[in-house]
Amino acid sequence: MKSWQQRERAREILSKEVGYVSKPHGGRLRVALAFPNTYFVGMSNLGFQTVYKLFNAEDDIVCERVFLPPKTELAAQLSDRAPLVTIESQTPVNQFDIFAFSVSFEWDYTNVLTLLRLAGLKPRATDRTRRDPLVMIGGAVTFVNPEPLALFADVIAAGEGEALIPALLTAFKGASDRDDLLRRLVGERGFYVPSFYDVQHGTDGTIEAFVPKEGTGAPATVKKAALKTTEAVDPPATTIFTPDTEFGSRFLVEVVRGCANLCRFCWAGYNYLPVRAFPKDRILQLAESARRHSNHAGLVSIALCDHPEIEEILTRLVDMGYSISPASLRLDDLTPTILNLLRKSGERTITIAPEVGSDRLRRVINKTITNEDIFAAAEMIFESGFDNLKLYFMIGLPTETEEDLVAIRDMTLQLREIMLRHQRARGHIGRIVGSVNPLVPKPGTAYQWLPMEDDGSIERKIRRMRSLMAGIDNVYVNIKSERHSFYQALLSLGDRRVAAAIEVAERNGGNWRAAVAESGVDADFFVFRDRSADKVLPWDIIDGGVKDNFFRSEFDKGLREEWTLPVKRQKENALLLTVLQ
């Protein structure tokens, strides 16, 4: 796409938006903020909208957006070599001080490289010059494991934007040049400069140490930046409304950050500790202001019902005339009142995550509910008038047996019977939609040392699940392939050496099998190897606050089939006291 076409497209986008920010550039820190996917996807991402708002809330910063062109236009834009421009002012990205990326998903890693090339920048940091914008990569994936992206970033921002952005501005104002800025940033919590470290490997290929380079001032580990309290900040919420997004003009708002349950597989539960509810009054004020632009509210959280005033929030939103879509609901906190409010708002589907079909395996993964709880919740859900139920399951978990796979089928059948019993008299039968995903062991969890289950075993389980779930009326099941999960695991568990495969996959259109072969990356080393004896893990460079001995203890408790009760129910919780120290 030529420059004039980019400018025309940007002006067309702005004509449909409400809430974007336009500032003069003079005398301000200029940030081009990229979401490494299309506008349609990126503008539905609450984290991206939040960072845009936080940057522009600073008078000394002007932040403008940029996205990946649609597939139909991408090849032409790459061949035209027209410089990538921002939406707000149609200024070439390479004229900004900072090119910042908000990355939420591993599959977007190749898109980071594509956007760098579209901007006329070399993907690897070592190939860029001081005249180029500072490339900063942040987002949820970077404080889980930043290493696969480390060679492409000048700076990685690890943590929550509310804590990172003020520190960035302070460092920028005091810096005399780029080198000085980088040295100042490593003195702030959450900023990781990969070039300031040498990574030492043993003869077996494992990491022995991250060694800070002399004179850089880089710390041994980078502490994640996080808010200690949400009382003084606005909850993240939609600020730009446009119909051209995945969710349309939906008002999204974060209600609670973190989750008290600490399921042993869940990186988000650990990495967003401690649990922090956003102020009810501010949530409702933002919803009131947004009502003229939207009639549908999406409530974002890992555990919606952890908000102590969730019933009042839902009541007020219904009174405002919102239809309400919650994220997946934790069953242990579900109440008839909450369900009735959601149904009154017009919601017809509830999403829950049993994860597995047996109580035994649920104790292994620390999902602190039972089948009895799940069936009781289903009775409430369908009695409240909901038509449909979405279910999330996993396979490939520690200690899993054939009986556990059959238990998923049996649970689904029982849930279907509950649905039919409530709906037959109404003359309308809904459906149950299940999603089954192989476990990808994640950094920063009790399963971070585990190898992923081998392809052959996972493929057999997938075939078995398809056989078990076939032909059940009103039940539809999607089972993710083992190859998809394998490459996701490579990007989740890899270190800097994975960068070579990302580069090839970006060039070849996402053929990961060919990319791994051409780059020579030993994918099995990262995916199928037990890491329990490793001295250093790739993601240890970021200190997320939860210590390894806690994770090891949790893993051992899982093998003993023991629960750890949700932290909100413990009187003394040493874990939370150390998270933000």
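Just so it is clear, the values below take in all heavy atoms, side chains as well, and ignore hydrogens, waters and symmetry mates. Please read these numbers as outputs of a predicted model, since none were measured by experiment.
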Quick check with a 6.0 Å cut-off and a 45 degree axis cone: is [X] positioned over the face of [Y]'s six-membered ring?
X	Y	result
R348	F386	no
R529	F525	yes
R362	W563	no

Does one side chain, of [X] or [Y], offer a donor that lies under 3.5 Å from an acceptor on the other?
X	Y	result
E254	S301	no
D404	S358	yes
T221	D543	no
N261	T368	yes

Using 30° and 60° as the class limits, which term best fits the ring planes of [X] and [Y]: parallel, tilted or perpendicular?
X	Y	answer
F551	Y270	perpendicular
W512	W107	perpendicular
Y39	F67	perpendicular

Under the side-chain hydrogen bond (donor to acceptor under 3.5 Å, both in side chains) test, residues paired with D373 that sit two or more places apart
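Checked D373 against side-chain hydrogen bond (donor to acceptor under 3.5 Å, both in side chains); matches are T370.
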With sequence neighbours excluded, residues passing side-chain hydrogen bond (donor to acceptor under 3.5 Å, both in side chains) with E383
none
Does [X] reach the side chain of [Y], with side-chain heavy atoms less than 4.5 Å apart?
X	Y	value
N437	S435	yes
R124	E503	yes
L405	K461	yes
C263	E355	no
M465	R409	no
L491	I502	yes
I338	C305	yes

For the atom pair CG (L439) and CE (M394), what is the distance rounded to the nearest 0.5 Å?
6.0 Å
Do R330 and D306 meet the salt-bridge criterion of a basic N to acidic O distance under 4.0 Å?
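Salt bridge between D306 and R330, a charged N being under 4.0 Å from a carboxylate O: yes.
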State whether R497 and E147 are salt-bridged, where the test is any N-O pair (Lys NZ or Arg NE/NH1/NH2 against Asp/Glu carboxylate O) under 4.0 Å.
no
Verify, without hydrogens or angle tests, whether T245 (side chain) and S44 (backbone) share a donor-acceptor contact under 3.5 angstrom.
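Side chain of T245 to backbone of S44, a donor-acceptor pair under 3.5 Å: no, none is there.
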Just wondering, are more than 12 heavy atoms of other shown residues or ligands nearer than 6.0 Å to CZ in R360?
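Buried by this count: over 12 neighbours within 6.0 Å.
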Please determine whether the number of non-hydrogen atoms from other residues, nucleotides or ligands lying under 6.0 Å from atom CD of E372 exceeds 12.
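Atom CD in E372 is not crowded, with 12 or fewer foreign heavy atoms closer than 6.0 Å.
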